[in-house]
2 protein chains.
Amino acid sequence: MTRYLLEHPRTLVSLKFFGERYGSAKSSISEDLGILKRTFQDRGTGILETLPGATGGARFIPYILREEAEEFIERIVGEVSDESRLLPGGYVYLSDLLSRPDVLRQVGRLIATQYLNQDIDTVMTVATKGIPIAQSVATYLNVPFVIVRNDSHITEGPTVSVNYVSGSSKRIEKMELSRRSLQEGANVLVVDDFMRGGGTLNGIRSLINEFNAHLVGMTVFAEGEFNGNRLVDDYTSLIKVNAVDVNDQTIAAQSGNYLSTVFGTEMGNK
Amino acid sequence: MTRYLLEHPRTLVSLKFFGERYGSAKSSISEDLGILKRTFQDRGTGILETLPGATGGARFIPYILREEAEEFIERIVGEVSDESRLLPGGYVYLSDLLSRPDVLRQVGRLIATQYLNQDIDTVMTVATKGIPIAQSVATYLNVPFVIVRNDSHITEGPTVSVNYVSGSSKRIEKMELSRRSLQEGANVLVVDDFMRGGGTLNGIRSLINEFNAHLVGMTVFAEGEFNGNRLVDDYTSLIKVNAVDVNDQTIAAQSGNYLSTVFGTEMGNK
């Protein structure tokens, strides 16, 4: 039952279904759900809503508690600050983090927690490195995700495309999304791995408008330092990579605005 | 305990750890693990290996049973055969399937089951549409995944690249992988969304050789029809898209060689 609920988040599962699946009486299912509810709460796994009555059942809504979120962000900030991540040109290597199932799982839980009480139909991201984040968030929200691409691909069918100005390089770029992949009026959550000038996120916003869909929010794994006006300001970031000193070979990373946005707390300031 | 084990597959968790985490005696943890072992087995969730003694513990190895695998493949074949998936040029739209958490979860379980008894250090795929499959398989195997790309990206650092001949178009293409992302001697499982001529998989094979790593196996979600010699023959496919008739507006899909490779059975021939 635990496994079934964990694998079907945000879905109302009826007592009848569990009763038939496990060959048990509804009363003992009810009792087990009560135990599970307390366990999920005690361990910070999520909320198990139980609805009474003949049409009742249980719905599991995963979340992460403030303490666990703080611990995770602190750990990631520590890992990102490792100077062996420095790349030529002052870039920071992050790909390994976003390829680890344990990191992706927590990133997914964090972002799903932020949008706990909001209706989301689709998670959207831009190829390539945002995809694993989108998939993880989509798993916790139990909705599909869509991938916006910079290049056309014949197996996507007809697409809708927009031009946008890259915030960092000021170049004009193009992004496109398969027509079939997004419904009109859909509530869209945008996630990405990295944001600097916000040009990509701004492009995504126009693309969402082209589909007559609704932007619920934008959350990125990391934001980089940017001198100038960002093209978007209503975003959330898990971490900030503040300054890379190529001469000193050091990286200054810190917590992003996630904790204050979601829990109203700053790191180390509970 | 169920959740912890499900989230840490292929990892030996000691009785001591569970005892401290849940404040219970080792004997009652042992008893609970015994119940969980039977439940996992009865429901086809996976094997729960329990190791006795002071250094003992439990290791959860997820798998899928033949019946559930057959059911899933049959369902996917049905969905793929839907003629609304036909695209201009005789291509078939599959992106929506590989964006649904429920489909990706089962694809991950199927592929992880195939390599149940093999040592795998990394799952490898090619951008873009193989990524969600790689992530799902990597989650079940509890290993990181790496993404091979056709274009350089400054945040990847130094890369190793190979040229390869695309099996379908006979063009020469280039693929590359960040040096940091793969260790020498690593055991690599390759997954992808679609295979036609096998050129991409052949290119990946040379790339793995360049890293002095070891190819464990190659599994794709779908193989397409190909007239001519495939460049690879040692691959597994979940489904086959056999013939697309643009005049008739029909798609002929069927089960791939997965079931016979893994379970020694063909669909409908138990």
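Only a predicted model underlies this, so the values are computations on that prediction, with no experimental measurement involved. In what follows, every heavy atom counts, from backbone to side chain, and hydrogens, waters and symmetry copies are set aside.
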Quiz item: What heavy-atom pair brings A:P101 and B:A138 nearest, and what distance separates the two atoms?
Solution: CG-O, 3.6 Å
Quiz item: By a 4.5 Å heavy-atom criterion (distance strictly below it), what part of B:I131 contacts chain A: side chain, backbone, both, or neither?
Solution: both
Exercise. Run the salt-bridge test on B:R109 and A:E7 with the 4.0 Å N-O cut-off and return the result as yes or no.
Key: no
Self-check item: Segment of B:Y140 engaging chain A (4.5 angstrom heavy-atom cut-off)
Solution: side chain
Quiz item: To the nearest 0.5 Å, what is the distance between CG (B:L94) and CD (A:E156)?
Solution: 9.5 Å
Quiz item: Heavy atoms, side chains only, cut-off 4.5 Å: are B:R180 and A:L87 in contact?
Solution: yes
Quiz item: Can you say whether A:L86 sits under 4.5 Å from chain B via the side chain, the backbone, both, or neither, judging by heavy atoms?
Solution: backbone
Quiz item: Which one of A:T139, A:T128, A:D151 has the most heavy-atom pairs closer than 4.5 Å to chain B?
Solution: A:T128
Quiz prompt | Residue pair A:P144 / B:R100: nearest heavy atoms and the distance that separates them | solution = CB-CG, 4.3 Å
Self-check item: Atom group of B:S136 that falls short of 4.5 Å from chain A, counting heavy atoms
Solution: both
Quiz item: Is any residue of residues 40-48 of chain A within less than 4.5 Å of chain B by heavy atoms, and which ones?
Solution: A:R43, A:T45
Quiz item: Where do B:L104 and A:F145 come nearest, in terms of heavy atoms and distance?
Solution: CD1-CE2, 3.7 Å
Quiz item: What is the distance from atom OG of B:S181 to atom CG of A:D96, rounded to the nearest 0.5 Å?
Solution: 9.0 Å
Self-check item: chain B contact via A:S95 - side chain, backbone, both or neither, heavy atoms under 4.5 Å
Solution: side chain
Self-check item: Interchain contact, A:I154 with chain B, by part (heavy-atom threshold 4.5 Å)
Solution: both
Quiz item: Does atom CD of A:Q183 have more than 12 heavy-atom neighbours from other groups under 6.0 Å away?
Solution: no
Quiz item: Which residues pass the ring pair (Phe, Tyr, Trp, His ring centres under 6.0 Å) test with A:Y63, sequence neighbours left out?
Solution: none
Exercise. Kindly check if the number of other-residue, nucleotide or ligand heavy atoms within 6.0 Å of CZ (A:R21) is above 12?
Key: yes
Practice problem: State the OG1-CG distance between A:T2 and B:L6, to the nearest 0.5 angstrom. | Solution: 8.0 Å
Quiz item: At a heavy-atom separation under 4.5 Å, does A:T122 approach chain B through its side chain, its backbone, both, or neither?
Solution: neither
Quiz item: Of the backbone (N, CA, C, O) and the side chain (C-beta and beyond), which part of B:R105 lies under 4.5 Å from a heavy atom of chain A, both, or neither?
Solution: side chain
Quiz item: Does B:V92 reach the side chain of A:T155, with side-chain heavy atoms less than 4.5 Å apart?
Solution: no
Quiz prompt | Proximity breakdown for A:V143 and chain B, heavy-atom pairs closer than 4.5 Å | solution = backbone
Quiz item: Between A:A127, A:P88, A:A134, A:G157, which has the largest tally of heavy atom pairs under 4.5 Å with chain B?
Solution: A:G157
